[in-house]
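To start, the structure under review is shown below, and the notes come after it.
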There are 2 protein chains.
Amino acid sequence: MEIDSAASGAVLKRERVRDAILELVEARRPGDAIPSERVLCAELGVSRPTLRAAVDELVVAGLLVRQHGRGMFVAAEKITQELVSGRDSLTLPRAGGVWTSRVLEFRTLPAGARVGRRLRVPPAARIRCATRLRLVDGSPMAIEHLHVPADLVPGLTEEELEHGDLYEHFRDRHGVRVGEAVQSIEPTVLTRAEADLLDVPELSPALLFERLTGDTGGRPVEYVRSLYRGDRYRIVSRLALGPATARREPPEGHHPGIPPGDFASRGPVTFSTRGVVQGDG
Amino acid sequence: MEIDSAASGAVLKRERVRDAILELVEARRPGDAIPSERVLCAELGVSRPTLRAAVDELVVAGLLVRQHGRGMFVAAEKITQELVSGRDSLTLPRAGGVWTSRVLEFRTLPAGARVGRRLRVPPAARIRCATRLRLVDGSPMAIEHLHVPADLVPGLTEEELEHGDLYEHFRDRHGVRVGEAVQSIEPTVLTRAEADLLDVPELSPALLFERLTGDTGGRPVEYVRSLYRGDRYRIVSRLALGPATARREPPEGHHPGIPPGDFASRGPVTFSTRGVVQGDG
DNA sequence: GAGAGAAGGTGGCATAGACCAATGTGCGCG
DNA sequence: CGCGCACATTGGTCTATGCCACCTTCTCTC
């Protein structure tokens, strides 16, 4: 069939198609439409599933957005790009807008095995479970699953979850003072349902936060599992490396992204880590 | 055609198939094989592309691994799970093993627009570019793309990149003292080539680190772009929340994963953030 | 003129089939 | 007995095609 591959170096037809579409994208401005799938199939000489597979990659990469019944468009905002904004390379990007909450679900359920193990309660213990959608300037940013032993917060209302500070509620109503929390962060991809809630394409990258909070006595009081959009949320650390200083007790691990040994005898002396929201689209 | 959907609740055939395969997975032990694609197609009454789409989801989720010419197998180790290891809920997971480096590429190239802008040099300036594979206990953990202005490190050798400390080299050979660095972290998914290097399936979640390091005078000296495997690398923060304290100047942003307002008047007082490696599979 | 409905275009899902590439097996030849 | 090559099996890719759901727009009707 035709001249076919063997010319482009890349063996996968998908890749040739992807690069071809990429040129179309780069020749346009954000929000512009690109030709329809069927037209592109004819122009590039591939079948529609193949073309869709190529487009899928660009959609996951955040360069293209699809709209059912309307067409495909160049992504509104640069996504996954630009550590620093402008001329001053060490400038932090600006922070985002107004955060609000919307309670999607609010129930009392048995802890179950997984949650029970984390909160150190029997699997049958009653747990207040809340699912909150976190928004910035009105557009979805994160999904938050909250798990709190029910006996700790007998009077917790949906209203308080929308507007109040949960930790304030802990202290003022129940005399529970939060002490320490351990939080882990890892990358993941969104399922269909999660992606719909966050208004991003399926399989989009996201950050999964898991946080276990204990009171001053070390008893777990809260287990939170949050999913943050990867295209608009990022974590920025500012590291002051400074001169060599006697490193105090080296804890387990190392500074994220800097493998042990790279800073041999003078690990980061101080650092601040912040979550920042990218300008919306 | 047949009775078709409308019966299973879930409308997508993919989902029904995925759940069916999931049952097969759960009935087996890690490493066990599941029936071949063509057999499953016949059993479940779907076409192969549909079945493959369902399997794709399970592969991305880390529950299934495919081996060309051999078959499909239940993933060796649970992936993306378990904040805390055992009984003591606030215990940090153990850290990983021995880190090593392997230089994949080492060239001198023009900076180009993107890198040049970050390092504040003309696009034509010569840049030493190195690609290193970072391994833990011999298995791949991260890909690191290093960019340093060539005139800063005239004598840098591949050997030093394998074993030395780059920042030590900066200081001892060239009198360049690193000062501050800004690093951003965001989730992403791996391309085919990246996934092959890290020995994980395509489209696996990963953490993208971008770090711009400046010397004590604020001049950028290093731009690093790293991709860390999402299934074995995570970031763990330990937060000491403590009693309310007068918050000093609130910087831009907030603590990652804790939206502003949640800690209203008593933001995290101290915290330590570490990168940790998950036990291998 | 305005609203309702039909028509056409778009992306979303699924099918059936073909060929390629990598792996493992077993038979046959030396 | 041992080395190789052919073959069957498995996953990987691509084609061609159909139907459905959604959106826009044009047109017809009231």
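So you know, we letter chains A, B, ... as the sequences are listed, proteins then strands, and number each from 1.
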Dump the pairs, protein N or O against N or O of nucleotides 3-10 of chain D, anything under 3.5 Å, distances to one decimal.
none

Residues in side chain to side chain donor-acceptor pair (under 3.5 Å) contact with B:Arg102, at least two apart in sequence or another chain: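 Not a single residue meets the side chain to side chain donor-acceptor pair (under 3.5 Å) criterion with B:Arg102.
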Listed partners of A:Glu194 passing side chain to side chain donor-acceptor pair (under 3.5 Å), at least two apart: A:Thr191
OP1 or OP2 of C:dT10 under 4.0 Å from side-chain N/O of A:Arg48: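 Answer is no, no contact under 4.0 Å.
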Closest nucleotide among D:dT15, C:dG11, C:dT15 to the A:Arg52 side chain: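 Looking only at heavy atoms from C-beta outward on A:Arg52, the closest nucleotide is C:dG11.
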Under the side chain to side chain contact (heavy atoms under 4.5 Å, CB included) test, residues paired with A:Leu58 that sit two or more places apart: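 A:Leu58 satisfies side chain to side chain contact (heavy atoms under 4.5 Å, CB included) with A:Arg18, A:Ile21, A:Leu22, A:Leu63, A:Leu64 only.
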Which residues share a side chain to side chain contact (heavy atoms under 4.5 Å, CB included) with B:Arg28, sequence neighbours left out: B:Leu24, B:Asp32, B:Ile34, B:Pro35, B:Val74
Rounded to whole angstrom units, what separation is found between the [atom1] atom of [X] and the [atom2] atom of [N]?
X	N	atom1	atom2	result
A:Leu44	D:dT15	CG	P	11 Å
B:Leu51	C:dC13	CG	P	16 Å
A:Asp56	C:dC13	CG	C1'	12 Å

Derivation and outcome, salt bridge (Lys or Arg N to Asp or Glu O under 4.0 Å), residues A:Arg107 and A:Glu105: CA-CA 7 Å; A:Arg107 305 163 63 186; A:Glu105 206 179 324; 2.9 Å; yes
Less than 3.5 Å apart, which donor and acceptor atoms pair up between the side chains of residues 44-52 of chain A and the rest of the protein, not counting sequence neighbours?
from, atom 1, to, atom 2, distance (Å)
A:Ser47, OG, A:Thr50, OG1, 3.1
A:Arg48, NH1, A:Glu37, OE1, 2.5
A:Arg52, NH1, A:Glu37, OE2, 2.8

Check: B:Arg14 side chain, C:dG12 base, donor-acceptor under 3.5 Å: no
Angle of first-five versus last-five pair axes in the helix from C:dG1-D:dC30 to C:dG30-D:dC1, to 10 degrees: 10°
Ring pair (Phe, Tyr, Trp, His ring centres under 6.0 Å) contacts touching residues 23-67 of chain A (sequence neighbours left out): none
Side chain to side chain donor-acceptor pair (under 3.5 Å): pairs with one or both residues in residues 196-209 of chain B, sequence neighbours excluded: none
